[in-house]
Protein chains: 4
Amino acid sequence: MPKIVDEQMREATRRHIIHQAASEFARLGFDQANINTIAEQAGIGKGTIYLYFENKRELFLAMLRLIAQEHIAAIRTALAQDGTIEQRLEWLFGAFARLAQQERDSFNVYMSALYGVNRSFQAEATRLLRDYVTTIALLLEQSQARGEIECSDVEATALMILSLTESYILSAIVLGQSEQKILSQANLISKLVLKGLLPSS
Amino acid sequence: MPKIVDEQMREATRRHIIHQAASEFARLGFDQANINTIAEQAGIGKGTIYLYFENKRELFLAMLRLIAQEHIAAIRTALAQDGTIEQRLEWLFGAFARLAQQERDSFNVYMSALYGVNRSFQAEATRLLRDYVTTIALLLEQSQARGEIECSDVEATALMILSLTESYILSAIVLGQSEQKILSQANLISKLVLKGLLPSS
Amino acid sequence: MPKIVDEQMREATRRHIIHQAASEFARLGFDQANINTIAEQAGIGKGTIYLYFENKRELFLAMLRLIAQEHIAAIRTALAQDGTIEQRLEWLFGAFARLAQQERDSFNVYMSALYGVNRSFQAEATRLLRDYVTTIALLLEQSQARGEIECSDVEATALMILSLTESYILSAIVLGQSEQKILSQANLISKLVLKGLLPSS
Amino acid sequence: MPKIVDEQMREATRRHIIHQAASEFARLGFDQANINTIAEQAGIGKGTIYLYFENKRELFLAMLRLIAQEHIAAIRTALAQDGTIEQRLEWLFGAFARLAQQERDSFNVYMSALYGVNRSFQAEATRLLRDYVTTIALLLEQSQARGEIECSDVEATALMILSLTESYILSAIVLGQSEQKILSQANLISKLVLKGLLPSS
DNA sequence: TATGAATGAGACTTCATTCAT
DNA sequence: GATGAATGAAGTCTCATTCAT
């Protein structure tokens, strides 16, 4: 069964390359990042990268997909536990805040892909955006079923929550606020959202 | 006084170049945009650009500054009229929605600068972000003075409103929603915000 | 005696590789042909080729030698039967025409080696050229002994016949003439040559 | 009128590059020839070549076209004077012999293009082939009009003469014969051809 | 013996910037 | 001041060859 070992090795190398690439792409962006440098940092030959990825663009996309997987997994984990809607919204916010701080590279890459000009990158990043929305929409539906909230357009509301959460955190980071300060807003945000979603009666 | 005329000419040419550059930068991003193409589209010689801007980077920054001026002016105009806080929040949302749709190029450039990886571009885009926050904070303070709302941390709340507004619109656009649909959310958003900010009684 | 079997196997594999290589070299030329593709088409590993040939160049030369052997054998076979000089010249022309059409790949390879710029390839192709000339010279000497023709410089005349035959066919092919049309010139050509070589009386 | 001077300069540089390129292409072939080296030998910057030619392939084709022009001009000049058909055939042979020796580079390049595998190069080289055939066909028609020769298929005969001439010379060169020796065959060749074309009566 | 993953030299081409006109 | 021809650094990608398994 050397096949399996080889497959594992191959996958490991693939991930290793993606990891190093992510660091470079996050630091310099797609165009400024240098395949040579990525190879060096990955401790492999220049040509080796092309055994794993068709070209620079595909490497970037593969990295984007990996980031998306990891982020969506982190968010799902944060929402896995049961709890009141308020708690869960706070967890969501906290999960995003942690991702944005601890995985700043991935976050930068993801955001620049989402709001950058390269359409194929944007398309890939958009998929993650959709996954986020779906995950949050599920959360809202569960809460609605329990009568905790009242929500006419679940999709739109989910998007609103995501936008608020994600963008708030990013803006705060860009404006130089500390993780401490950002996390302390979790309660404020979730309260704000809830007030807007509470059964009006 | 040919000096002044010359100065005016020079400024006019400068703006003309920036304008053409904006179109290219928005379409292709900083790295992919081509100085030669920009010069052609501006109807001037390639070398002439270097009489007005030190290099490509400075041209980009100048463009970023111009965009920022235009956007902040649009927002201020939208909030210039008096009105209830609910109305003014709707206007704010509408102004952003219109900018994002009608000035999509500038918006793309601004967003990719803000969330991109080039620090000096980010710094410039951040200034616009600060201006936005300040403008909204002013709005909140006025409303608070009138007793319309109650708000403990004006800065944070302003950031929250900006984030919610801007990010909601961008996400919606990226997800392919029509301008119609987006504008129809204006009321929902402003209500949501207000509920969260209303005196708790 | 596994040694002999192994030797036979080795030789068989060698020929197999050369055969596949010929197809690629004919299609793409020496530089554009790809060792990897050749290996794939031969159904062996890339490294295996280097167990049979020192490098790409040697593989090409080996192929050139094989082509030369096959071609010269075809020509000799065509001239093996006895006949009048006119008949034999027609057979010669026919043999070349058939080679050029049916073994177009080898012909291309041979011609590009002969008239190409790589000196070592040219040297190898030249050997085939010499063999051709020698074979035709032999034919002429036999005819001269029989008094069919009169020929002062056998070598030069042989070269002339070869040139006329080979080049006429190639030019005709390049100009898009059908095999039919080309073969129909066999009689014309041999008559032309004969008139030039006939005893002047 | 700097336009005309510039046009002339541009054309001069263009020819200069083509000239240097021809030397490299003749020495190494299309694939092995190096744009860097060509630029160096032309005494210009690497990028400058791309101001005159779209890419390596186009440079090669431009060179091929220039060679074709020069060669066909040389042949036409050789046939410009009036004379008997025998004389003119000898001049033709001589012109080819001189071209093949003195412009050996161009001849190599042209032949490798004609018999190489790159179809677009072949197409270009074929055009020269056709021009040759046309020129020779004209010669034959003139002679036929004068009753010097009798020729049923002028095109085919022209091709035959060209093939014989060109290929004989090239083979002779490849086989290492001196220019002296080759030129001394002119009479033999033209006699051979004429015998074949003389009115049979 | 056979393999094919890894390598890295090397090639083409682009494009921001300069500078002579 | 305006120009655009010239430059050459730099970057992506290919592919012949090696070598550990």
Side-chain angles (χ1 to χ4, degrees), chain A residues 2 5-6 9-10 13 17 30-40 42-59, chain B residues 6 9-10 13 30-40 42-60, chain C residues 6 9-10 13 30-40 42-60, chain D residues 2 5-6 9-10 13 17 30-40 42-59:
Chain A
V5 171
D6 281 11
M9 274 294 284
R10 192 179 163 76
T13 305
I17 294 172
F30 177 76
D31 290 288
Q32 292 290 330
N34 183 310
I35 288 282
N36 270 24
T37 308
I38 292 174
E40 269 171 39
I44 59 174
K46 202 192 321 182
T48 308
I49 287 187
Y50 291 89
L51 297 179
Y52 290 86
F53 305 93
E54 210 167 332
N55 50 41
K56 195 186 184 185
R57 215 180 69 92
E58 288 302 321
L59 170 56
Chain B
D6 282 9
M9 274 293 287
R10 193 176 161 78
T13 305
F30 177 75
D31 289 289
Q32 293 291 329
N34 184 313
I35 287 282
N36 204 13
T37 308
I38 292 173
E40 269 171 36
I44 60 172
K46 203 187 328 179
T48 308
I49 289 186
Y50 289 86
L51 298 177
Y52 291 86
F53 304 93
E54 204 172 336
N55 52 37
K56 195 185 184 185
R57 216 178 68 92
E58 287 304 321
L59 170 57
F60 188 85
Chain C
D6 280 10
M9 274 294 286
R10 192 177 162 77
T13 304
F30 177 75
D31 289 288
Q32 293 290 329
N34 183 312
I35 287 282
N36 205 12
T37 308
I38 292 173
E40 268 171 37
I44 59 172
K46 202 188 327 181
T48 309
I49 289 186
Y50 289 86
L51 298 177
Y52 290 86
F53 305 93
E54 205 171 334
N55 51 38
K56 195 186 185 185
R57 215 178 68 92
E58 288 303 321
L59 170 57
F60 188 84
Chain D
V5 172
D6 281 10
M9 273 294 284
R10 192 179 161 76
T13 305
I17 294 172
F30 177 76
D31 290 288
Q32 291 291 330
N34 184 310
I35 288 281
N36 268 25
T37 309
I38 292 174
E40 269 171 39
I44 59 173
K46 203 189 321 180
T48 309
I49 287 187
Y50 291 88
L51 297 179
Y52 291 85
F53 304 93
E54 209 168 331
N55 51 39
K56 194 186 185 185
R57 214 180 70 92
E58 288 303 321
L59 170 56

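Heavy atoms only: backbone and side chains are in, while hydrogens, waters and symmetry mates are out. Note on naming: letters A, B, ... go to the chains in the order of the sequence lines (proteins, then strands), and numbering restarts at 1 for each one.
- When all heavy atoms of A:Gly45 and A:Ala39 are compared, the closest pair comes out as O-CB, 3.9 Å.
- Legend: residues meeting side-chain contact (heavy atoms from CB on, under 4.5 Å) with D:Lys46, ordered by chain and number and at least two apart, are D:Asn36.
- Of the residues in residues 42-51 of chain A, those placing a heavy atom less than 4.0 Å from an atom of DNA chain F are A:Lys46, A:Tyr50, in numerical order.
- A:Tyr52 comes within contact range of the sugar-phosphate backbone alone, with a heavy-atom separation under 4.0 Å but no base atom that close.
- Protein chain C touches strand DNA chain F; the 5'-most and 3'-most nucleotides with an atom under 4.0 angstrom of its non-hydrogen atoms are F:dC15 to F:dT18.
- Here E:dT14 presents its C1' atom at 14 Å from CD1 of D:Ile35, a figure rounded to the nearest Å.
- For the OP1/OP2 pair of E:dC12 and a distance below 4.0 Å, the side-chain nitrogens and oxygens of D:Asn34 include at least one atom meeting the criterion.
- Annotation: the span from A:Ile44 atom CD1 to A:Glu40 atom CD amounts to 11.0 Å, rounded to 0.5 Å.
- For the atom pair CD1 (D:Ile38) and CD1 (D:Ile17), the distance works out to 9.5 Å, reported to the nearest 0.5 Å.
- The distance from atom CD of C:Gln32 to atom P of E:dA11 is 14 Å, rounded to the nearest whole Å.
- In this structure, CG on D:Leu59 lies 6.5 Å from CD1 on D:Ile49, to the nearest 0.5 angstrom.
- Atom CZ of D:Arg57 and atom C1' of E:dT13 are 16 Å apart (whole Å).
- In this structure, B:Asn36 does not reach the E:dC15 phosphate: none of its side-chain N or O atoms is under 4.0 Å from OP1 or OP2.
- Distance check, rounded to the nearest 0.5 Å: CZ of D:Phe30 to NZ of D:Lys56 gives 5.0 Å.
- Rounding to the nearest 0.5 Å places CZ of B:Phe53 at 9.5 Å from CD1 of B:Ile35.
- In terms of position along DNA chain E, the nucleotide closest to D:Asp31 lies nearer the 5' end than the nucleotide closest to the other residue of the pair B:Asn55 and D:Asp31.
- Going from atom CZ of D:Phe30 over to atom P of E:dC12 covers 8 Å, rounded to whole Å.
- Across all non-hydrogen atoms, the minimal contact from B:Asn55 to B:Tyr50 is CA-CE2, 3.9 Å.
- Using N1 to N3 plus N6-O4 or O6-N4 for Watson-Crick, or N1-O2 and O6-N3 for G-U wobble, each under 3.5 Å, F:dT21 pairs with E:dA2.
- Here D:Ala39 lies out of heavy-atom contact (under 4.0 Å) with every strand.
- The CG atom of D:Leu51 sits 7.5 Å away from the CZ atom of D:Arg10 when rounded to the nearest 0.5 Å.
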